[in-house]
Colleague: 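To start, I am sharing the structure in question, which I have written as structure tokens.
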Amino acid sequence: MINELLPPKRILMGPGPSDVHPHVLKSMVTPLLGHLDPAFLTIMDETMELLRQVYQTKNKATMAMSGTGSAGMETVFVNLIEPGDKVLIGVNGLFGERMVDVAERCGAEVIQVKAPWGQIIDPQQIKEMLQQHKNIKVVAVVHAETSTGVRQPLEEISHIVHEHEALFVCDMVTSLGGCPTDIDQVGVDAAYSGTQKCLSAPPGLAPVTFSARAVDVMAKRKQKVQSWYLDLSMIQAYWSEDSERFYHHTAPITMIYSLREALRLIVNEGLENVFARHKRYGDSLHAGLEAMGLSLLVEKEHRLSQLTSVNIPEGVDDLAVRKRLLEKYSLEIGGGLGELKGKVWRIGLMGYNARQENVTYMLAALEDVLKEENCNIEHGVALQAAEKLMNK
Ligand SMILES: *Cc1c(COP(=O)(O)O)cnc(C)c1O
């Protein structure tokens, strides 16, 4: 006999996946509907409307692609880019690098604007590149760089991009549901996200949104989108309130239930309250970590609340600490990626996990485990500093 599947219970406070909200888990044990059942189409319509609210947009072309956040990234690039198009990408972390790879695979001529990992992309450098290279079609940046914990300001870049009549693309995988995305107000032409970060649903769907300008650019393509699965010209006929709803591929029904429930919870709490909650507990985590004597990778002004990179103190064993947190506290945090491997830990406070008890548990567990590693930390200082900001 093969044992029943019984994974250990963890607290997921790394860079994603993050813990799924209990109501979202519950939504996933409901019976299936057929993907063309009118009852299911209604659920899709509701999901689209909720997605617009959470993305803060009126964009008609707002839907959930099948696949994880990276499928969202691929969707945006394969649909907007044709071979030979020029694309300008801001690279200040792993996900910027991934966009470069994806855009190159679409046959784009990619120009990069770089910043050190842990810093923002400088809008002036984007401006210079747009002046230097003519006919750049798309400019893309990562709004919430999960590999570093940087929050990229978007308004100024958006302004510059539109002055040059390019399309503005943002990776919002870790920002959606964690901080304002303001698609319409900022003027983002295409964005993609994932369900497993601040939406507190399992990995499996990639919400995307496209402005009317982006839809127009796609409509004028000369060549077919090279990906059949991600081709929006066909997918839009299924994910659209007023089309005949043609079958393209079988929608992942259960995942769409989970997304609808996750979005419902966010909208019911109120977007502003959700953002304020992330900010409050992010600030309090930061204060606690600093009181413990740890330093953070990103300067205060550009820090995300939902993902924090902590510099690993000299002489402390990265893997040993993460292993101990997992074994002793069942607590998962992330290690560094790319050039930050072995240099930082990444702590997530995403969606459902952006709560007081998670901050308290994290600080207490980390203090204990770091003491085992012979770090000299005064007992309780982290919690004291964190608590000061918790009820503000
Ligand atoms: C997680 C993440 C992705 C990739 O999402 P997957 O769900 O792992 O495919 C892309 N961009 C950013 C900023 C992310 O945090």
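Counting starts at 1 for both ligands and their atoms, following the listed order. Throughout, residue positions are numbered sequentially from 1 according to the sequence presented. Reckoned from all heavy atoms, side chains included, excluding hydrogens, waters and symmetry mates. Since we're looking at a predicted model, the values are computed, not measured.
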Colleague: Does a salt bridge link Lys222 with Glu82, judged by any charged N lying under 4.0 Å from a carboxylate O?
Modeller: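 No salt bridge links Lys222 with Glu82.
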
Colleague: Any salt bridge (Lys or Arg N to Asp or Glu O under 4.0 Å) pairs touching residues 294-311, not counting sequence neighbours?
Modeller: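 Pairs touching residues 294-311 that pass the test: Glu290-Arg303.
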
Colleague: Please tell me whether His248 and Asp231 have a donor and an acceptor in their side chains that are separated by less than 3.5 angstrom.
Modeller: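 There is no such pair between these side chains.
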
Colleague: Can you produce the list of protein nitrogen or oxygen atoms under 3.5 Å from a nitrogen or oxygen of ligand 1, alongside each distance?
Modeller:
unit_1   : atom_1 : unit_2 : atom_2 : d
ligand 1 : 7 (O)  : Gly69  : N      : 3.0
ligand 1 : 7 (O)  : Gln196 : OE1    : 2.8
ligand 1 : 9 (O)  : Thr68  : OG1    : 2.6
ligand 1 : 9 (O)  : Gly69  : N      : 3.3
ligand 1 : 9 (O)  : Ser70  : N      : 2.8
ligand 1 : 9 (O)  : Ser70  : OG     : 2.6
ligand 1 : 11 (N) : Asp171 : OD1    : 3.4
ligand 1 : 11 (N) : Asp171 : OD2    : 2.7
ligand 1 : 15 (O) : Thr146 : OG1    : 2.3
ligand 1 : 15 (O) : Thr174 : OG1    : 3.0
ligand 1 : 15 (O) : Lys197 : NZ     : 2.7

Colleague: To the nearest 0.5 Å, tell me how far His162 NE2 sits from Arg213 CZ.
Modeller: 4.0 Å

Colleague: Could you list all the side chain to side chain donor-acceptor pair (under 3.5 Å) pairs where at least one residue sits in residues 133-147, not counting sequence neighbours?
Modeller: Asp85-Lys137, His143-Ser175, Glu145-Ser147, Thr146-Thr174

Colleague: Sequence neighbours left out, cut at 3.5 Å: what donor-acceptor pairs do the side chains of residues 355-366 make with other protein atoms?
Modeller:
unit_1 : atom_1 : unit_2 : atom_2 : d
Arg355 : NE     : Tyr352 : O      : 2.6
Arg355 : NH1    : Glu357 : OE1    : 3.2
Arg355 : NH2    : Asn358 : OD1    : 3.3
Asn358 : ND2    : Asn353 : OD1    : 3.4
Thr360 : OG1    : Gln356 : O      : 3.1
Tyr361 : OH     : Tyr329 : O      : 2.8

